[in-house]
Protein chains: 2
Amino acid sequence: MTEPDSASGKSAPAGTSTLDLALRAVEYLVQQSRPAALAQIAEALSSSKATIYRHLVTLQRHGFVRQEPETGRYEAGIKLMVLGEALRQRFDIVSAARADLMTLRDHTGQAVTVCAAIDTELIVLELIQGRTLIEFATRPGTRLAFHASAHGKIWLAFGSKERTAAIADGPLQAWTPATIVTKEALLADLALVRERGWATAPDEVITGVNTLAAPVFDHRQTLVGSIAIVGATQFIPPTPDPDQIREVVGTAARISRGLTWQD
Amino acid sequence: MTEPDSASGKSAPAGTSTLDLALRAVEYLVQQSRPAALAQIAEALSSSKATIYRHLVTLQRHGFVRQEPETGRYEAGIKLMVLGEALRQRFDIVSAARADLMTLRDHTGQAVTVCAAIDTELIVLELIQGRTLIEFATRPGTRLAFHASAHGKIWLAFGSKERTAAIADGPLQAWTPATIVTKEALLADLALVRERGWATAPDEVITGVNTLAAPVFDHRQTLVGSIAIVGATQFIPPTPDPDQIREVVGTAARISRGLTWQD
DNA sequence: AAATGATGTTTCATTATATGAAATGAAACA
DNA sequence: TGTTTCATTTCATATAATGAAACATCATTT
């Protein structure tokens, strides 16, 4: 990121290697689908059993890791879930907007999601489930791609120009055949989004699913969130129903107005 | 430090003090509602700025911590949310049961929650929102009290006897005037729960809110989860409607049957 | 019933490396 | 301009992390 990297690939700036190893252990355990043996973790991280053991003890003491009582093996602890939820609640939008989002869900019948971009990540903060049995919508804590989601396009169209430039210049991964993968197509789509005030991404993330998103601004007119309805293309056509657009854009505007009062 | 433990209640067994400090820093940042200055964190943890700084650099590199670009202050990073979500998906019940839970929501109109106990914690794994505008239900990642929630009573009634004994003998905190706070009353209630196969907690966690919970077992007949409907007492009376009981207990049995097929 | 091979756990000498005080930037403020 | 308030870097010191190998448990196998 802010790395000159000085030719020799020797990038050992500040930081603590002990902590680094321990964090890698946590991430390793989260990735595993079943509890891992100590030796297995040590091997995966190219460290010794004793070292990993001591770190696991401390991690366990804090609840980041848990040990299966029967087998003695280690797995990720629920503290991560608890902290994740505590963190989620810090975002103004989710609490300020819940009632409006419920109304939007009831009016459209579709699932509603809220997203925010933090640095280089676009993350789902809130999900109000729809009424359909089959669930497409992404859950809080999920990361979305900027170029391949309706939420992402809102952030590229109305967010910081630096981010938009960086994303447009970078590689654009295709999730489906419909995903936008060229810079030109993306910029053209973003121009359209700016003009209309809403974005869609039919079949671009999952075939058969569409999302209709709109921006939420705070009192300084800076983008602080995006809201969207998510559903089968059958219910949200590539060019959505005018009623759907009115509902989503109207709800976003209402939430924005609510954020203006604060502060 | 370097203390041969014993004598002074402080037992410093295995573990890593460096890591311990860093984890405390993460927890501190999650607790704060706004970004914290380096010196503030160092002071709170009785450490030096330099030490904390180096740890924050490493934590940031892993996404556990983020630095506000404008002010340079530190706050918790979204990695915690992402890892929390990844962890949640590891539980069989949430994926195996979603369709049934949606149906339960649609039949009862109330919010549906799923819980599991891990060691000494009772945690919400899944939430299907109801159709009412006002939301009572707890979100995934929230911890519940064993003695003061319908989910908790299911775990005390059908879970391990050791846990039940430990909880019943410990202090029972009152959340509302209706919370059960004596061992006798709790054990009597649990006997009733075992007999009926379902549990309620009217007004016991929040006044005006009731929950109706039932147990989910796996193929070995061990308790692996609990499901419940949550709503205003107006909709879920202290003695729920027979239809509601049938729906919840029936859904739990259906999910249990689903888990039997696997493995 | 003894032996084997999985585990996790502890010990201990060795030195790598985390540490704190203070110096240095950098930026906002008055 | 000077002053305050931040984060960041430097550097000598010894704290505290480290790995190899021994130990302890528990199943499973012979």
Side-chain angles (χ1 to χ4, degrees), chain A residues 1-6 10-26 28-29 32 34-62 64-77 119, chain B residues 1-6 10-26 28-29 32 34-62 64-77 119:
Chain A
M1 319 309 193
T2 55
E3 271 287 272
D5 211 28
S6 69
K10 164 94 112 342
S11 60
T16 18
S17 61
T18 297
L19 177 54
D20 181 82
L21 177 60
L23 294 180
R24 275 161 48 217
V26 171
Y28 177 80
L29 287 178
Q32 300 307 307
R34 24 196 59 245
L38 177 58
Q40 176 190 345
I41 307 169
E43 159 138 314
L45 304 176
S46 323
S47 186
S48 75
K49 280 204 318 178
T51 300
I52 297 297
Y53 172 72
R54 282 181 294 250
H55 288 183
L56 290 176
V57 167
T58 304
L59 287 166
Q60 185 179 12
R61 204 175 288 150
H62 283 262
F64 285 81
V65 151
R66 129 186 169 90
Q67 188 170 26
E68 253 193 347
E70 303 84 29
T71 64
R73 293 162 111 95
Y74 292 92
E75 66 183 334
D119 300 326
Chain B
M1 319 19 170
T2 64
E3 228 154 275
D5 46 70
S6 69
K10 193 64 164 289
S11 62
T16 13
S17 60
T18 298
L19 177 54
D20 181 82
L21 177 61
L23 294 180
R24 276 161 47 216
V26 171
Y28 177 81
L29 286 177
Q32 301 306 306
R34 25 194 58 247
L38 177 58
Q40 176 191 344
I41 307 169
E43 158 135 317
L45 304 178
S46 322
S47 186
S48 76
K49 281 204 316 179
T51 299
I52 297 297
Y53 172 73
R54 282 182 294 251
H55 288 182
L56 289 176
V57 166
T58 304
L59 286 166
Q60 184 178 13
R61 205 176 288 149
H62 284 263
F64 284 81
V65 151
R66 131 187 167 89
Q67 188 170 26
E68 254 193 347
E70 303 84 30
T71 65
R73 293 163 110 96
Y74 292 92
E75 64 183 333
D119 299 326

Looking at residues at least two apart in the chain, or sitting in another chain, which of them share a side chain to side chain donor-acceptor pair (under 3.5 Å) with [X]?
| X | value |
| --- | --- |
| Thr71(A) | Glu68(A) |
| Gln67(A) | Tyr74(A) |
| Thr51(A) | Ser48(A) |
| Gln40(B) | Tyr28(B) |

Rounding to a whole Å, what distance do you find between [X]:[atom1] and [N]:[atom2]?
| X | N | atom1 | atom2 | answer |
| --- | --- | --- | --- | --- |
| Asp20(B) | dT15(D) | CG | C1' | 16 Å |
| Glu68(A) | dT25(D) | CD | C1' | 17 Å |
| Arg54(A) | dA20(D) | CZ | P | 12 Å |
| Leu19(A) | dA16(D) | CG | P | 16 Å |
| Ile41(B) | dT8(D) | CD1 | P | 11 Å |
| Leu21(A) | dT17(C) | CG | C1' | 14 Å |

OP1, OP2 of [N] versus side-chain N and O of [X]: anything below 4.0 Å?
| X | N | answer |
| --- | --- | --- |
| Ser48(A) | dT18(D) | no |
| Thr18(A) | dA18(C) | yes |
| Ser47(A) | dG19(D) | yes |
| His55(A) | dA17(D) | no |
| Ser17(B) | dA17(D) | yes |

Task: Closest non-hydrogen atom pair, Glu75(B) against Pro35(B) - done: OE1-CG, 3.8 Å
TODO: Answer whether the closest heavy-atom distance between the side chains of Leu59(B) and Leu29(B) falls below 4.5 Å.
DONE: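 No, their side chains stay 4.5 Å or more apart.
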Task: side chain to side chain contact (heavy atoms under 4.5 Å, CB included) partners of Glu43(B), counting only residues at least two apart - done: none
- [ ] For Ala39(B), check side chain to side chain contact (heavy atoms under 4.5 Å, CB included) against everything at least two apart and list the hits.
- [x] Lys49(B)
- [ ] Could you check which nucleotide pairs with dA30(C) in any of the strands shown, counting Watson-Crick or G-U wobble with both distances under 3.5 Å?
- [x]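 Partner of dA30(C): dT1(D).
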Task: Pairing partner (Watson-Crick or G-U wobble, both distances under 3.5 angstrom) of dA21(C) - done: dT10(D)
Task: Any residue meeting salt bridge (Lys or Arg N to Asp or Glu O under 4.0 Å) with Arg24(B), in chain and number order, not counting sequence neighbours - done: Asp20(B)
Open item on the list: Between dT15(D) and dC11(D), how many Å separate the two P atoms, rounded to a whole number?
Closed with: 22 Å
What N/O pairs connect the protein and nucleotides 5-9 of chain C at under 3.5 Å? Give each pair on its own line.
{"residue": "dG8(C)", "atom": "OP1", "partner": "Leu38(A)", "partner atom": "N", "Å": "2.5"}
{"residue": "dG8(C)", "atom": "OP2", "partner": "Leu38(A)", "partner atom": "N", "Å": "3.1"}
{"residue": "dG8(C)", "atom": "N7", "partner": "Lys49(A)", "partner atom": "NZ", "Å": "3.3"}
{"residue": "dT9(C)", "atom": "OP2", "partner": "Tyr74(A)", "partner atom": "OH", "Å": "2.5"}
{"residue": "dT9(C)", "atom": "O5'", "partner": "Tyr53(A)", "partner atom": "OH", "Å": "3.3"}

Distances under 3.5 Å between protein N/O atoms and the N/O atoms of nucleotides 28-30 of chain C, please, pair by pair.
none

